[in-house]
Each structure stands twice: as structure tokens, then as C-alpha cells.
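The model shown is predicted, which means the values in this text are computed figures rather than measured ones. As the structure lists them, so they are numbered: ligands from 1, and atoms in each ligand from 1. Values reported hereafter were calculated over all heavy atoms of this structure, with side chains retained and with hydrogens, waters and symmetry mates removed.
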Amino acid sequence: MKLFTVGPVQMDPAVLEAGARPLPYFRTAEFSEQMLQMETQFLRLLNAPPESRGVFMTASGTGAMEAAVTSILNPDRDKALVIDGGSFGHRFAELCELYRIPYVALQLPFDADLTEERLQPYREAGFTALLMQQAETSLGKRYDMTMAGRFCRHEGLYLIVDAVSSFLCDPLDMTGCGADVILTASQKALALSPGLSLLALSPRIIAERLTDQPSRCFYLSLSRALDNMKRGQTPFTPALSVLEQLAYRLQQLDQLGLQAELNQRASLAAYFRQQIRQLPGLRVPGYTLSNSLTPLLTGALDAHDLFVDLKDQTGLVVTPNGGTLAHNLLRVGHMGHLVRTDYDALIAALKTRLA
Ligand SMILES: *Cc1c(COP(=O)(O)O)cnc(C)c1O
């Protein structure tokens with residue numbers, strides 16, 4: 001089995017090993033120290049502004065999205081602009097709906113990039129926050145965070161960024177784009193087991209929204225998590241084996257450097273995309289792509305059948321799509337423990353199926 005999926009992804013055996021060791025007890029000074037070190041490493045990878053804080057929550061990425069919406073936004077004070085460009089953007093809209101946060105969803109057509117012109121109608125319209133993905137994973141579409149950051153600065157909006165799939169794949173500078181919240185999860189490009197989400201919080205959002213304001217969620221309260229993290233702790237029992245994997249992975253990133261990691265994702269994506277261009281019958285959409293994955297329009301072939309066929313006949317697992325694109329779009333991930341020869345195998349398998 002080889003996973004070209006977008007979470008969980010192919011894992012490094014050394015990471016698996018790090019999570020398989022006997023677990024430590026966590027209400028100790030040693031564990032707290034390790035947590036605080038991981039916080040520092042995580043914030044450094046994002047170039048978070050000074051006085052930012054990081055928290056780790058035991059939940060998949062959606063839990064972090066829900067934590068952000070319920071801990072930061074307030075039905076009486078806020079009006080959110082949600083970039084609804086695919087299933088993950090739509091999830092932010094669903095969360096606002098559920099928690100009765102007034103919002104407007106900017107629906108982005110399949111082929112369209114998020115541009116300044118698309119945001120223009122939403123200027124000076126009473127919004128207080130922009131909720132968006134850096135990369136909309138359902139399509140592999142990447143948004144321009146510099147432009148979005150400029151829009152938020154100009155309009156005085158909080159910027160809440162779901163970087164679940166783009167973290168470590170596409171460059172992201174928290175200081176540069178002025179994000180107030182950046183969230184990600186363990187099972188994407190971090191390539192750890194699922195179960196842990198990571199959030200970086202700006203000093204501004206901490207002071208203005210996470211200090212006095214009560215959260216409407218008990219388990220997912222960011223202020224509670226933040227309060228505990230001051231001493232390197234979590235309010236509830238964390239996913240300890242995933243935290244052990246994270247400690248290993250952050251150490252590795254410290255040694256190899258963020259740029260090397262980003263380059264590796266970019267180079268795998270470029271390699272695959274170059275090969276795929278030689279294969280008539282498959283088409284890569286024209287919008288701006290994230291390096292986390294390549295979307296493939298399968299033309300005459302049924303995308304879901306192709307996914308099942310590849311999985312069952314070759315053990316190569318690509319990512320199917322749900323919803324309206326289920327039969328037309330496949331996604332090939334570039335996250336995790338993959339090398340060029342893995343893509344050679346995938347290309348060869350695709351070639352025989354297109355013949
Ligand atoms: C994977 C992903 C999530 C979270 O999904 P979970 O299944 O809850 O981990 C959220 N946003 C984006 C952009 C993602 O790619």
C-alpha cells in the first residue's frame with residue numbers, strides 16, 4: 001500500500017516508532033518543558049509575531065476550526081466573511097450557521113482564483129473577520145495570503161486561516177500576512193497520526209478575544225487551552241502518542257530546515273505535474289495550485305472507479321472526491337514519506353489505464 005492521499009498520509013517509519021514507545025505520564029515538569037519547546041518550534045515555522053502563543057488540541061482539524069469559531073467569534077459582535085471555495089471553506093460556513101455567527105459566504109467558481117476583484121464587493125460592509133483556507137484541499141486550490149492579509153489589514157478584520165493541508169507545503173508567514181489564527185492538524189503534511197490539531201494565536205486575538213470572553217464550547221475552549229499552555233499543559237488528556245511523534249518531527253524540521261521541507265513538496269508536485277502533462281486524458285485545472293496535492297480531471301474515465309481500480313490492483317491509493325465532482329476529479333497528494341520513484345509507479349499505472 002502506498003498512500004498518495006491527503007490525510008492520513010504515508011508515514012516515515014521513524015515517526016511511527018516515535019509514537020509506538022511507552023507513553024510518559026504528562027502532568028510533570030518534563031512533559032511541560034517538552035510542550036513549551038514544541039510550541040516555540042511550531043511558532044517559529046510560521047514566523048509568528050512575538051508574544052504569539054501556540055496550543056495543541058486533541059481533535060482533528062475540524063475541531064480546531066470549531067475551536068476558532070466558538071472561542072473567537074461572537075454572535076452579537078461579529079459578522080464573518082467566509083471564503084466558500086470548496087468543501088472545507090463550506091465547513092466554516094456550516095460552523096458559523098450552527099453557532100449563529102452572522103456570515104456571508106463568498107462562493108468561488110471552480111475555475112476561479114481568489115482575487116482582489118472578487119473581494120472588492122465585501123469592502124466596508126461591516127465584516128469583523130475573514131475565515132479562509134490557505135489551500136482548499138477539496139480542489140488543491142491555493143489562495144493568495146498576502147492579498148488576503150492586505151484586505152484584512154485595510155478593512156480591520158481578524159484573519160483566521162485554516163492551513164490544515166498547506167502548512168509545510170506552501171510558504172506561510174503569519175507576521176507577513178497578519179493572520180490572527182493559523183490552524184493545522186497532525187495527519188496532513190506533518191505526516192503524523194490523526195488526532196492532534198495545532199493553533200497559532202496572535203497577541204492581538206489573545207488580548208481582544210481570548211482573555212475575558214467566555215467560550216461557548218467546553219472541550220474546544222481556546223482560552224482554556226491557552227491558560228493551560230502557559231505552563232506547558234493541556235486541560236484534558238492529550239493524544240500523547242501523536243505528541244511524541246510531533247516532538248520527533250519538529251526536531252527533524254529544526255535540523256533540516258523549513259525551506260528544505262517546502263522545497264521537497266514543491267519538487268514532488270512539479271515532478272508529478274510534468275509527467276502528467278504527457279498523459280492525454282487527464283487534465284490539471286488551471287487555477288493556482290497548492291503544493292500539497294495535484295487535482296486531476298479524469299475526462300472520459302470515472303474518477304471513483306479509477307481510484308478503486310488503482311487501490312485494488314496496484315496498492316497505490318490516490319484521493320477520491322465527494323460531492324458533485326466525485327466522478328470527475330481525483331487528487332494526488334504530495335505530503336508525507338514519498339519519493340520520485342513512487343510517482344513513477346503511479347504514472348506507469350495511470351498510463352496503462354488510459355491506453
Ligand atoms: C483535512 C482538512 C481539515 C480537517 O479535516 P479533519 O478530517 O477534521 O482533520 C480542515 N481543513 C482543511 C483545509 C483540510 O485539508
Does the Lys NZ or Arg CZ of R224 fall within the cation-pi geometry relative to F218 - under 6.0 Å from the ring centre and within 45° of the axis?
yes
Hydrogens and angles aside, do Y99 and E66 bring a side-chain donor and acceptor to less than 3.5 Å of each other?
yes
Is there any N or O on T62 that sits under 3.5 Å from an N or O of ligand 1?
yes
Under a 4.0 angstrom heavy-atom cut-off, which atoms of ligand 1 come close to M65?
10 (C)
Of all the atoms in ligand 1, which lie at a distance below 4.0 Å from a heavy atom belonging to A135?
13 (C)
How are the rings of H334 and F272 set relative to one another: parallel (under 30°), tilted (30 to 60°) or perpendicular (over 60°)?
tilted
Pair L114, M147 - check side-chain contact (heavy atoms from CB on, under 4.5 Å), show working.
CA-CA 9 Å; L114 181 68; M147 184 277 293; 4.1 Å; yes
Side chain, backbone, both or neither: P194 near ligand 1, heavy atoms under 4.0 Å:
neither
Please work out, at 4.0 Å between heavy atoms, whether the side chain, the backbone, both, or neither of E136 comes within that distance of ligand 1.
neither
Using a strict 4.0 Å cut-off to heavy atoms of V164, name the atoms of ligand 1 that fall inside it.
1 (C), 2 (C), 3 (C), 10 (C), 11 (N), 12 (C), 14 (C)
Among S60, S292, G86, S87, whose heavy atom sits nearest atom 6 (P) of ligand 1?
S60
Measure from the ring center of F307 to the ring center of H304 and say whether it is less than 6.0 Å.
yes
Atoms in ligand 1 flagged as close to T137, the criterion being non-hydrogen separation under 4.0 Å:
12 (C), 13 (C), 14 (C), 15 (O)
Side chains of R249 and Q252 only: does a donor on one sit below 3.5 Å from an acceptor on the other?
yes
